[in-house]
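To start, the structure itself, in structure tokens.
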Number of protein chains: 2
Amino acid sequence: MGWAKVAETVCPSARTLAVVGDRWTMLILRELFLGVKRFEEFQVQTGMSSNLLSTRLKRLEADGIIARRLYSKRPARHEYRLTEKGLDLYPLMLSLKAWGEKWGGLKRGAAPALSIVHKTCGHETGFQLRCGSCDAPFGAKDAVVTIGPAFAAERQKRRKSA
Amino acid sequence: MGWAKVAETVCPSARTLAVVGDRWTMLILRELFLGVKRFEEFQVQTGMSSNLLSTRLKRLEADGIIARRLYSKRPARHEYRLTEKGLDLYPLMLSLKAWGEKWGGLKRGAAPALSIVHKTCGHETGFQLRCGSCDAPFGAKDAVVTIGPAFAAERQKRRKSA
DNA sequence: TGACTCCCTTCAAATTTTGAAGTCACTATT
DNA sequence: AATAGTGACTTCAAAATTTGAAGGGAGTCA
């Protein structure tokens, strides 16, 4: 069975992907971060079919990323909002945005589709990746990745049983 | 046609998703960032079928995210490596990792699957999101999103034609 | 010569997605 | 009181994609 298997890894990135790594789910998340809360609006803005939206929302809820909240009793109407777990996907969303702005082939100099203003300082903010230790901005080339023992064992096993 | 349509938006996040937002592609990217360069190894470590891997690699190459390089002339053998455009997906990968570590349901206190050491300072580094303007760390709740005119128009149109 | 490796391709079967249509429980309008 | 409308779905067949197994070709190694 496709993705259940992938979720069993110790690799945290793969585990994240197993939960939110599908395009529709990510588009729903974008909408959530834009403040959309209702079924109809998700459907219109993502262009996905309603049955898929329905199952995706259920999955997100089951995974604790969104919560349904009754906003009207009669008729019963729900809205969907991000939980804390969901809100923590913010850096992921910002990095999608940042890459898309740089490499997505949009017209240079066009007004940005989205602007993000930092409440505290009042300025438009971008996204900066900093070393948690020395504070310097860094990129892929400035770091070395090491695979830990558990993950290494898992990889070795895959290699053997192939 | 599914995703071609999504790629036409002015939303940079959706454009990113249209290029790399599928689970297999993301898993391939993980492998690339781990230093894997060969077809076989991608296949073994991701568990995907070879025909899919083949088409995904072609797509990534066509999109300029990876480049093939001949590493042996006879027999002709290629390796795949990230281009600059591909390397720029690093923050995205790190945010997948960070979220997975926090919310992926891995055992607390277990040795991390991956460790990332900053070459310059020699310390293990995490991931910090900082305001590009005032330098303070921030999260979803510390910022306000505003939809720009082009994107707003696009959204309005979708609402109408639904 | 025969076994093996790497990098794929082909193809049918299984699964998922799309797209359209329908449902249900109400509210608002005429 | 009948008609239309809204929000949130569900159902279902047709289309597209993915899986899984098998095969192939170009060369190396024993």
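Proteins come first, then strands; the chains are lettered A, B, ... in the order of their sequence lines, and each starts at number 1.
- To the nearest 0.5 Å, atom CG of residue A/L57 and atom CD1 of residue A/I66 are 5.0 Å apart.
- We find that CG of A/N51 is positioned 9 Å from C1' of C/dG19, with the value rounded to whole Å.
- Taking the side chain of A/Y71 as heavy atoms from C-beta on, and the options D/dG20, C/dT18, D/dG7, the nearest nucleotide is D/dG7.
- Spacing between atom CE of B/M48 and atom C1' of D/dT18 amounts to 10 Å, rounded to whole angstrom units.
- The salt bridge (charged side-chain N to carboxylate O under 4.0 Å, His left out) analysis of residues 87-97 of chain A, with sequence neighbours excluded, yields the pairs A/D88-B/K102, A/K97-A/E101.
- For DNA chain C, none of the residues of residues 25-42 of chain A falls under the heavy-atom distance limit of 4.0 Å.
- When the side chain to side chain donor-acceptor pair (under 3.5 Å) test is applied to B/E154, the partners found at least two apart in sequence or on another chain are B/T9, B/R158.
- For the contact set between residues 54-63 of chain A and DNA chain D, defined by any heavy atom under 4.0 Å, the members are A/S54, A/K58.
- Annotation: side chain of A/W99 is in contact with side chain of B/V19 (closest heavy-atom distance under 4.5 Å).
- Taking the ring axis of A/F151 as reference, the NZ or CZ atom of A/R155 stays within 45° of it and closer than 6.0 Å to the ring centre.
- The nearest whole Å value for the distance from the OH atom in B/Y80 to the P atom in C/dC7 is 7 Å.
- One atom, CD of A/Q43, and another, C1' of C/dT18, lie 12 Å apart when rounded to the nearest Å.
- B/R23 has its CZ atom 10 Å from the P atom of D/dT19, to the nearest Å.
- Side chain of B/Q43 to main chain of B/S50: a donor-acceptor pair is present (N/O by atom type, distance under 3.5 Å, no hydrogens or angles).
- Residues B/L89 and B/F33 form a side-chain contact, since some pair of their non-hydrogen atoms from C-beta on lies under 4.5 Å apart.
- Using a 4.5 Å heavy-atom cutoff, the side chains of A/R23 and B/V6 are not in contact.
- Atom NE2 of A/H78 is separated from atom C1' of D/dG7 by 11 Å (rounded to the nearest Å).
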Evaluate the criterion side chain to side chain contact (heavy atoms under 4.5 Å, CB included) for residue pair B/F42 and B/R56; output intermediate values, then yes/no. CA-CA 11 Å; B/F42 288 124; B/R56 288 293 190 277; over 6 Å; no

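- Between the CG atom of A/L52 and the P atom of D/dT10 there is a distance of 12 Å, given to the nearest Å.
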Give each protein N/O atom lying under 3.5 Å from an N/O atom of nucleotides 22-30 of chain D, with the pair distance.
| unit_1 | atom_1 | unit_2 | atom_2 | d |
| --- | --- | --- | --- | --- |
| D/dG27 | OP1 | B/R74 | NH2 | 3.2 |

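- Aromatic ring orientation, A/F138 versus B/Y90: perpendicular (interplanar angle above 60°, classes split at 30° and 60°).
- In this structure, the CG atom of B/L70 is 16 Å from the P atom of C/dC6, given to the nearest Å.
- The side-chain contact (heavy atoms from CB on, under 4.5 Å) test applied to A/T83 returns A/A67, A/K85, not counting sequence neighbours.
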